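Remember, predicted model here, so these are calculated numbers, not experimental data. Atom set for the values below is all heavy atoms of this structure, side chains included, hydrogens, waters and symmetry mates excluded. Lettering of chains follows the sequences in order, A, B, ..., and the numbering in each one begins at 1.
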There are 2 protein chains.
Amino acid sequence: MNELITYFNKYNTLSENAIKAISEICKPVNIKKNQDLQSIGHTCRTIYFIKKGVARIYYFKDDIEITECFAFENAIIARVESLFTGKPSRKAIQMVENSELIAINSTKLFDLYDTFPEIERLFRKIFEAAYVDTVNRVESIQFHSAEERYNTLLKENSNVLQRVPLKYVASYLGITQVSLSRIRGIR
Amino acid sequence: MNELITYFNKYNTLSENAIKAISEICKPVNIKKNQDLQSIGHTCRTIYFIKKGVARIYYFKDDIEITECFAFENAIIARVESLFTGKPSRKAIQMVENSELIAINSTKLFDLYDTFPEIERLFRKIFEAAYVDTVNRVESIQFHSAEERYNTLLKENSNVLQRVPLKYVASYLGITQVSLSRIRGIR
DNA sequence: CTGATTATTTATCTTATGTTAAATTTTACT
DNA sequence: AGTAAAATTTAACATAAGATAAATAATCAG
């Protein structure tokens with residue numbers, strides 16, 4: 001749990017009691033490479049913290065698999081469009097490497113919000129930061145060329161390119177595998 | 001203030017005291033058509049509720065003006081990438097029509113969170129919903145053609161097309177004015 | 001109401017990315 | 001290690017959207 005507490009502290013420091021309460025709704029999960037952690041069609045009721053490994057959220061558009069995002073060590077991952085609406089998700093979470101996770105039951109977590117405003121605040125801040133990332137992603141996709149987006153990824157998140165198959169990276173960048181390969185070929 | 005309270009109730013019903021406290025940090029603002037409500041370069045410390053009118057957030061990319069989003073009556077608008085980070089915003093908010101707004105001081109609002117967890121919860125839920133919208137927008141921009149995006153807008157938000165100049169709509173859709181005109185010409 | 005400005009459309013040409021298919025390289029399994 | 005499967009690259013051609021410029025339509029100020 002230490003990694004998780006350290007992660008929490010970046011957003012909001014919790015009291016001993018709050019940490020204890022959260023600990024009780026967490027459980028460790030190990031997932032093998034390429035296995036789905038959460039499958040399409042189910043409502044998201046778990047927030048995962050990644051201790052080790054890489055996750056991606058993906059879905060299908062016209063039978064083509066699209067990667068929505070990646071998450072690495074010391075980050076959380078959840079299908080927020082389902083978590084916050086209670087609707088079934090059209091998306092799945094898959095582990096790209098053998099991974100160790102901590103599963104946080106979101107139903108129980110949301111109950112804790114009533115007793116621990118500090119926990120509500122913690123997750124408010126976590127998701128506000130994620131929201132900002134998503135706003136920036138809209139800008140990146142919409143107004144930068146595929147090549148610009150690739151170069152930004154290379155510069156700011158090169159571990160994606162080192163640890164994730166390019167076929168996943170391509171749809172994340174909003175282009176085809178062939179286009180990505182062409183862009184990489186230049187220079 | 002009635003419209004605002006009605007809007008709040010959709011997310012979280014507030015006690016009398018909480019409503020009173022929020023009311024004290026709100027003030028009415030009237031803005032003429034085409035005028036900027038907030039300008040580029042300043043840190044966002046105000047959340048606006050739109051009683052009447054249309055707002056858009058815009059910024060410049062390579063000297064070209066880009067519309068990030070629109071907001072209409074009974075919605076809030078804020079430059080969250082600045083609001084949640086405290087960094088100056090590269091974006092501006094402009095009113096597309098003569099408008100009546102309620103300005104909520106965000107510094108004071110965040111202070112209220114300490115005394116009123118219900119207010120913190122209210123805005124947590126408001127921004128969670130906005131976050132979900134943004135996640136869906138990423139999907140829309142990234143994996144639908146310009147024509148699909150235009151048709152979706154026409155179907156689900158046709159007031160945008162009725163009330164907003166097409167030159168703003170084009171960059172919102174991630175295309176040029178000329179492309180939008182071409183797409184509209186088909187059929 | 002009229003002229004001037006601004007917004008929108010149309011036309012032409014260019015370019016980035018998509019599509020399909022094949023070749024090559026890498027990875028995984030026995 | 002050797003083979004099959006999967007991933008990546010390369011090639012050739014197609015297409016959607018960009019760029020620029022000009023024409024038309026709509027809006028606004030006096």
Review point. Which angle, to the nearest 10 degrees, lies between the helix axes at the two ends of the helix from C:dC1-D:dG30 to C:dT30-D:dA1, each defined by five pairs?
Key: 60°

Review point. Can the ring centres of A:F123 and A:F8 be said to be less than 6.0 Å apart?
Key: yes

Practice item. Using the test side-chain contact (heavy atoms from CB on, under 4.5 Å), find all partners of A:N98 that sit at least two apart in sequence or belong to another chain. Key: A:K32, A:K33

Review point. By side-chain contact (heavy atoms from CB on, under 4.5 Å), which residues pair with A:D111, not counting sequence neighbours?
Key: none

Practice item. Please name all residues satisfying salt bridge (Lys or Arg N to Asp or Glu O under 4.0 Å) with A:R56, sequence neighbours left out, ordered by chain then number. Key: A:E65

Point to revise | For B:E139, all residues meeting salt bridge (Lys or Arg N to Asp or Glu O under 4.0 Å), sequence neighbours excluded | key: A:R90, A:K91

**Study point:** Contact boundaries on DNA chain D for chain A, cut-off under 4.0 Å to non-hydrogen atoms
**Key:** D:dA7 to D:dA12

Exercise for review: Quick one: name the residues clustered hydrophobically with A:I141, using the 4.5 Å side-chain heavy-atom rule over I, L, V, M, F, W, Y, and just say none if it's on its own.
Suggested key: A:V138, B:V138, B:I141

Pairing residues for [X] by the side-chain hydrogen bond (donor to acceptor under 3.5 Å, both in side chains) criterion, not counting sequence neighbours:
X: A:D114; result: B:R121
X: B:H144; result: none
X: A:E24; result: none

Practice item. Assign a letter to each nucleotide of nucleotides 3-20 of chain C from its 5' end: B, base within under 4.0 Å of a protein heavy atom; S, sugar-phosphate only; -, no contact. Key: ----SBBBBB----BBBB

Practice item. May I have all residue pairs that pass side chain to side chain donor-acceptor pair (under 3.5 Å) and include part of residues 8-23 of chain A, sequence neighbours excluded? Key: A:S15-A:E118

